[in-house]
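When a residue number appears, it is its place in the shown sequence, counting from 1.
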Amino acid sequence: MTELAVDPLDVLRLRTSAKWRTYPGDVLPMFVAEMDYPLAPPVARAMIERIEASDVGYVSGPGPVGPAFAGFAQRRWNWEVDPEDVRTTTDVSVAIVETLRQVLEPGDEVIITPPVYPPFFDLPLEAGGKVREVPLLQDDAGWSLDLDGLETAFSGGARALLLCNPHNPLGLVHPKETLDAVARLAAKYGATVVSDEIHAPLVYSPETFTPFLSVSEEARTHGVCVTAASKGWNIAGSKCALMIASTPETRLLLDEMPEEVGFRTSILGLHGTAAAYADGEEWLDGVLAVLASNRELLRELLAAELPGVGYRMPDASYLAWLDMRALGWGTDPGEYALEKARVALEPGLKFGTAGAGHVRLNFGCAPEVLEEAIHRLSAARS
C-alpha cells in the first residue's frame, strides 16, 4: 500500500483545474469531486511515455483497457468480464447519453433516484428523453432504492433506469439483493438499466460492492455498465470512460453507436486508465486508507464543533452528505458557508429537492485542510 503525502495548499493552488480556479485564493475548495493527492506513479508514467513517443493521435480502439479492467474487476469484485466487451468514450456522462440514445424513443421516461449526481437531471434530456424521479427512501437505517416506486414508474412506461452504483452524493453501496430486484423489474417491463459505477474503485470494503452486470442473467440482458478510472485515480481531465455490455442484446447497443463515440476517447486517458487498472491498486489502497481516516475525522470534528449537523459516514468515495438544517443557514447553506466561512461546498439543491438545507463536502484532502474547513464553518455560526 502506497503512503500518500499531500502537497501544501500553496502548491495545490498552482493547479489549473476547476477546483483551484473557480474561487479566490482565500476559499477552501471542498465542492467538486476531485482529490488533492499526487497522481499515481504508474498512471503518470503511462501518460508521459505516450508524450515522449509523440503518440497523441486518435485512439485505435480500447486496446489495453479491456484486459486491464477485466483483471481489476476479477481481483477486486470477483466479476468476470470479457475484455472484448469493453468499449471506450470520452467520459461517463457521454457514455450515459449515447447508451440512452440507443434505447429511447423521443419523450420516453428515464428514472433517476434523487438525491443524486446533478447531471442525471439533464443527461436523459440530452438523449431525447424525459426525467422520472423516484426518490430514494430514508429511514433510521439509512437510504435505499424505492423498489415499489421503481415498479410504478416502469409499469407507467419508463424505458430506462439511470442507476448510481455506488450512489453519489451518499456513498451508498446498493446491496446485491436490491440490485437483483432491480434487474427483475427491468426484465419484467423490458427496460434498460444504465449503471454508473464510476465510484466503485473507492468502496472502502471492496467485497461489499456488487457490479450490476454480475448480479444475474436478467441484469446482463437488460443492463449496461458505464464507468471510468477518473474518480478512483483522480484523472477526470484525461477523458477516457468505459462502456461494458455482456449479452448479444446489449452488445448491439454499443455496436450501433456512431464510430465517433469511440474516437472521442483521449489516447493519453486510455493509456493512463489501463495503467490505473493494471498497476494502480497499491496506490488506490493507499488513497482508501487516507480517506477512511478522513471520514472518521470528519465525524469527530462535526461532533465536537457542529453537533447539530447530520452526517452518516459513506461506504464509498470521498464525498460527505451533510444535513445543515439545524444551523438555520437556509435552503442553500453552501451559500452561507462560502460567504461567512470562505469554504466552498456543493449545494444540496443541485441533487434534487431533498437536498434543501444540505451540502456535499469533499474530504479527499489533507487532514489539516479538513480540520480548517470545519473550524471555519463552526466559527461562522451566528
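Annotation for Ala160 and Leu104: closest pair CB-CD2, 4.4 Å, computed over non-hydrogen atoms. Heavy-atom minimum distance, Trp77 versus Phe72: CH2-CE2, 3.6 Å. When all heavy atoms of Val182 and Leu161 are compared, the closest pair comes out as CG1-CD2, 3.6 Å. Scanning all heavy atoms of the two residues, the minimum distance from Ser238 to Ser266 falls at O-CB, 3.0 Å. Contact between Ala341 and Ala380 at its shortest, heavy atoms only, is CB-CB, 3.9 Å. The two residues Ala46 and Ala275 have their closest heavy-atom pair at CB-CB, 3.6 Å.
Although no hydrogens or angles enter the test, the distance criterion places a donor-acceptor pair under 3.5 Å between the side chain of Asn362 and the main chain of Glu34. The main-chain N or O of Gly262 is found under 3.5 Å from a side-chain atom of Thr265 such that the two form a donor-acceptor pair. The closest donor-acceptor contact from the side chain of Arg295 to the backbone of Pro314 lies under 3.5 Å. Using a distance-only test at 3.5 Å, with no hydrogens or angles considered, no donor-acceptor pair links the side chain of Ser293 to the main chain of Ala289. A distance-only check finds no donor-acceptor pair linking the side chain of Asp315 to the backbone of Val173 [under 3.5 Å]. With hydrogens and angles disregarded, no donor-acceptor distance shorter than 3.5 Å links the side chain of Tyr318 to the backbone of Leu361. At distances below 3.5 Å, at least one donor-acceptor pair connects side-chain atoms of Arg21 with backbone N or O atoms of Arg13. A donor-acceptor pair under 3.5 Å is formed between the side chain of Arg159 and the backbone N or O of Gly190. In this structure, Asp139 contributes its side chain and Gly142 its backbone to a donor-acceptor pair below 3.5 Å. Using modelled atom types, one side-chain atom of Trp233 and one backbone atom of Gly280 make a donor-acceptor pair closer than 3.5 Å.
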Starting from the C-alpha separation in whole Å, work towards a yes-or-no answer on side-chain contact (heavy atoms from CB on, under 4.5 Å) for Leu4 and Leu291.
CA-CA 11 Å; Leu4 297 179; Leu291 295 178; over 6 Å; no

Any chance you could lay out the side-chain contact (heavy atoms from CB on, under 4.5 Å) test for Cys164 and Phe120, step after step, and finish with the verdict?
CA-CA 9 Å; Cys164 203; Phe120 276 28; 3.9 Å; yes

For Trp20 and Leu12, run side-chain contact (heavy atoms from CB on, under 4.5 Å): C-alpha distance rounded to whole Å, both residues' side-chain angles, the deciding distance at 0.1 Å, then the answer.
CA-CA 8 Å; Trp20 300 102; Leu12 289 170; 3.7 Å; yes

Criterion side-chain contact (heavy atoms from CB on, under 4.5 Å) on Thr88 and Thr273, from CA distance to verdict:
CA-CA 10 Å; Thr88 66; Thr273 294; over 6 Å; no

Step-by-step salt bridge (charged side-chain N to carboxylate O under 4.0 Å, His left out) determination, Asp91 to Arg264:
CA-CA 9 Å; Asp91 54 41; Arg264 293 173 184 162; over 6 Å; no

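Atom CD of Glu249 sits in a crowded spot, with more than 12 heavy atoms from other residues, nucleotides or ligands closer than 6.0 Å. Enclosure of atom CG in Asp140 is not indicated, since only 12 or fewer non-hydrogen atoms of other residues, nucleotides or ligands lie within 6.0 angstrom. More than 12 non-hydrogen atoms from other residues, nucleotides or ligands lie less than 6.0 angstrom from CD of Glu177. Around the CD atom of Gln74, the shell of radius 6.0 Å holds more than 12 heavy atoms that belong to other residues, nucleotides or ligands.
Taken to the nearest 0.5 Å, the CD1 atom of Ile244 stands 13.5 Å off from the CZ atom of Arg220. Between the CG atom of Leu163 and the OG1 atom of Thr113 there is a distance of 6.5 Å, given to the nearest 0.5 Å. With rounding to the nearest 0.5 angstrom, the NE2 atom of His199 is 12.5 Å from the CG atom of Leu172. Atom-to-atom distance recorded for Leu9:CG and Glu372:CD is 9.0 Å, nearest 0.5 angstrom. A distance of 6.0 Å separates NE2 in His167 from NE2 in His174, rounded to the nearest 0.5 Å. The CD1 atom of Ile198 sits 7.0 Å away from atom OH of Tyr117, with the distance rounded to the nearest 0.5 Å.
Residues Leu123 and Ser93 meet the side-chain proximity criterion, which asks for heavy atoms closer than 4.5 Å. Using a 4.5 Å heavy-atom cutoff, the side chains of Leu370 and Met30 are in contact. Annotation: side chain of Leu137 is not in contact with side chain of Leu145 (no heavy-atom distance under 4.5 Å). His271 is listed as a side-chain neighbour of Pro64, based on a closest heavy-atom distance under 4.5 Å. For the pair Leu252/Gln102, no side-chain contact is recorded, criterion being any heavy-atom separation below 4.5 Å from C-beta on. Within the 4.5 Å cutoff, side-chain heavy atoms of Arg342 are placed close to those of Val27. Residues Asp36 and Lys19 have side chains in contact (heavy-atom distance under 4.5 Å, counting atoms from C-beta outward). Looking only at side-chain heavy atoms (C-beta outward), Glu371 and Leu297 come within less than 4.5 Å of each other.
We find that Asp180 and Arg184 are joined by a salt bridge, their nearest charged nitrogen and carboxylate oxygen being less than 4.0 Å apart. Ion pairing between Glu49 and Arg45 fails under the 4.0 Å rule for side-chain N and carboxylate O. Between Lys188 and Glu151 a salt bridge is recorded (basic side-chain N to carboxylate O distance below 4.0 Å). Checked for salt-bridge contact, Asp285 and Arg76 meet the test: a charged N lies under 4.0 Å from a carboxylate O.
Below 30°, between 30° and 60°, or above 60°: for Phe154 and Tyr189 the angle between ring planes is below 30°, a parallel geometry. Between Trp321 and His358, the two ring planes are parallel [angle under 30°; tilted spans 30° to 60°].
Cluster membership check: Tyr336 does not share its hydrophobic cluster with Phe31, using side-chain heavy-atom separations under 4.5 Å among Ile, Leu, Val, Met, Phe, Trp and Tyr. By the rule that hydrophobic residues join a cluster once side-chain heavy atoms approach within less than 4.5 Å of another member, Leu100 and Ile112 end up as members of one cluster. Put simply, Leu170 and Ile111 are part of the same group of oily side chains (I, L, V, M, F, W, Y) that touch within less than 4.5 Å, one to the next. In terms of hydrophobic clustering, with Ile, Leu, Val, Met, Phe, Trp and Tyr side chains grouped at heavy-atom distances under 4.5 Å, Val86 and Val59 are assigned to a common cluster. Leu377 and Val32 are not part of a single hydrophobic cluster, where members link through side-chain heavy atoms under 4.5 Å apart.
For the 3.5 Å distance criterion, the side chains of Glu98 and Thr89 fail to qualify, holding no donor opposite an acceptor.
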